[in-house]
Structure formats: structure tokens, C-alpha cells
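Read the structure below first, then the notes.
Letters go in sequence order (proteins before strands), and every chain restarts at 1. The analysis underlying the following values was restricted to heavy atoms, covering all of them including side chains, and did not include hydrogens, waters or symmetry mates. All values reported here derive from a predicted model rather than from experimental measurement.
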2 protein chains.
Amino acid sequence: MKNPTGHDIADALGLLLRRSTRARVYTRLTEGLGEAVDELTYPVLSGLARTGPYSAADLGREIGLDRTTVTRRADRLEQAGLLRRQPDPADGRATLLALTDDGRTAVEATRQRLATGIEESLATWPQADAQAFARLLRRFVDEGPFAAGQD
Amino acid sequence: MKNPTGHDIADALGLLLRRSTRARVYTRLTEGLGEAVDELTYPVLSGLARTGPYSAADLGREIGLDRTTVTRRADRLEQAGLLRRQPDPADGRATLLALTDDGRTAVEATRQRLATGIEESLATWPQADAQAFARLLRRFVDEGPFAAGQD
DNA sequence: GGAAAAGCGTGCGCCGAGCACGCTAATCTG
DNA sequence: CAGATTAGCGTGCTCGGCGCACGCTTTTCC
């Protein structure tokens, strides 16, 4: 074959994009954070960590979900104490969703777990390979065919 | 920070794992293949392409879905002519799901689209970088924290 | 040869998602 | 500045996918 590189990468990416892969990773990363945090609610937490206090409608646009879906996921997170609703001081109609300290901790723990898992699997790699991989993956994701994301 | 590599990779992978990324990729790759092929039914097609003719129960185990879910997705694909049911000659109870020629074509087209998209985005890369990326990504996926997949 | 097990499709209940509604508050307009 | 329009919110409702449980047929086991 003339250029097998594309197919090689496609195979690997195909695996990463699988539903079961996603489910497995989410399950592992959110384990023990309370049953309110799962594959469905985590994107709301994570989104808020990126944006800061945000309205349900804006957050929905940000992460590619319907406004009402965000509202209901936020309900669960609020009840679990990971998220707080507060009136927008600048707009009497709006309600801002904001992470609590527990919420921030949960997001941070999840991210740390992922990073740790990656580092562990890279531990046996030559350092040059690991650094090259990080650099190339970053570039690929930024400019590649999947760029510009939500959720 | 001592070892930022893990976090760098984590950020990039986080993006790839997002629901919206997955949805966008699937939509683009299965566009025009008929409305029977979507994010839900494609894994069945793709799984069958890997396994060859297979029972619903076995395929379900393979791709991490309930047997009945496979059956119903197969119904749609069968109606669209991408899949065929045939009695298992070795077992009178079993029904084998098998791709038709159209089904094989659809899977092949999808894979080709993904590979092409990747190659296009790599076109501007130094060839050595592209090859290194393919090699490192493959290794990472095989031995990394996400290894062993279904779906 | 009879009982247990394995395969299949389908009815049923559950849950998540989006639409539509009613309400309140802000913004626009004449 | 008052009325109308727009924007934001939560919730009732419907639709669709999923898994469990059932009934049936065929195979396997003792």
C-alpha cells in the first residue's frame, strides 16, 4: 500500500472513539466520586470548570446539549452539593450555575486520575518518545479533522 | 510542574473522548450512507466486518451491547439491505448476522473517509513526524490505559 | 429419552433527550 | 415612559433506545 499511515492512525483513533472505550474511561475516572457524577453529569462539571459560573443556556451551547438537559443534570449535581445555583446579579432572569468547592475537587480529581494513568503507561517509554508523542498528539488534535469541540 | 506530559496528553485525549466529538465524527463519516447507518448501527456493521458472520449474542459480547439491542439494530440494517440473516448450518437455534455486499461497501467507505481525513491533515507534516506519530499512537493505544476494547 | 441449557425475537418498563408551554424579567420602540 | 417583544428559566409531555423477562425452539447433557 502506498500510504498506510492514515489507516494505521484511523485504526487507533477508531478504538479511542468507541462507545465502550468512552464508557470504560468515564467509569474508571469518576469512580468513588458519588453516584451523581457519571458519564452524563461530568461534562457539566467539566464545562463549568472551564467557563466559570455560567447560565444553563450558555453552558448548553458550550458543551453541545439542550438547555433543558443541562438543567436536569445540574439538578442532580446540585442535590449532591457539587454545584450551586445563584442569581445572576447582572440579569434578574438568569440563574448562574457555579461549582462548589466539592465540585471543583471532583473535577480536579478526575483530571488527575487521567493524567496519572497516562503517565504510568508512559513510564516505560524513552523520555524522548513520550515528549514527542505529547507534542504530536497535541498538534494533531488542534489542527486535525476533529478540531473545534464542545461537550 | 514536574511532569507536564501527562496533563498535556490528558487534555488532548479528553477532547477526543467527548461526546460531541464522537457525534461529529460519526455524522461526517456515515453521511450519505442511508439513514439506517448512524452512530447506533455502525458499530454493528463494523463489528461484523471484523468477525465475519456472527450470532447476535456473540456480537453483543464482542461490542459490549445487550443481545436484544444488537437484534434491533440489526433489524434496521437488514431492512436497509446492509445485513442479512442466515440460519447457522451448525446450530438450528442460531441465526447468523452477515454483511451483504452493500454492508461491506458501507464499512469500507466509512473507514476510507476517516483515513483520508487523517491523511489530509497530516499532509503538511514532515513525513518523519507523521510516521513517528502513527507509531507512537499505535503503541499508546495498544498498551495504554484504554487497551482492550469493544464496540 | 427426558431435563437442563442456549439461542432467538418481542412485550414491557425505565430513563434520558428535546419540544412546547407558562411565567418572569429585561430590552426595544413609538 | 408604557406597551410589546425578546430572552431566560423550570417543568409536563412524548418519543426513542435499552435491558429484563417471557415464551418458544433446538441442542446438549446425563
Selected nucleotide, minimal atom distance to D66(A) side chain, candidates dG19(D), dG8(D), dG18(C): dG18(C)

Starting from [atom2] on [N], measure out to [atom1] on [X] and report it in whole angstrom.
X      : N       : atom1 : atom2 : value
D75(A) : dC9(D)  : CG    : C1'   : 11 Å
E78(B) : dT10(C) : CD    : P     : 10 Å
I63(B) : dG19(D) : CD1   : P     : 10 Å
R19(B) : dG16(C) : CZ    : C1'   : 11 Å
D91(B) : dA5(C)  : CG    : P     : 17 Å
E39(A) : dG17(D) : CD    : P     : 18 Å
L40(B) : dG16(C) : CG    : P     : 17 Å

Compare all side-chain heavy atoms of F133(A) with those of L137(B) and state whether any distance is below 4.5 angstrom. yes

What about [X], does its side chain sit under 3.5 Å from the base of [N] through a donor-acceptor pair?
X      : N       : result
R72(A) : dG18(C) : yes
R93(A) : dG10(D) : no
R67(A) : dG10(D) : yes
R61(B) : dG7(C)  : no

Would you tell me if any nitrogen or oxygen in the side chain of [X] comes within less than 4.0 Å of OP1 or OP2 on [N]?
X      : N       : value
R85(A) : dG8(D)  : no
T69(B) : dG19(D) : yes
T71(B) : dG9(C)  : yes
R76(B) : dG17(D) : yes

Any base atoms under 4.0 Å from [X], or only sugar-phosphate, or nothing? Heavy atoms, all strands.
X      : answer
R73(A) : sugar-phosphate
D88(B) : nothing
T68(B) : base

Which residue in the set R113(A), Q112(A), E119(A) passes side chain to side chain donor-acceptor pair (under 3.5 Å) when paired with T116(A)? Q112(A)

Taking every non-hydrogen atom, the tightest pair across [X] and [Y]:
X       : Y       : result
L40(A)  : R76(A)  : CD1-NH2, 3.9 Å
E143(A) : S121(B) : OE2-O, 3.8 Å
L122(A) : A130(A) : CD2-CB, 3.9 Å

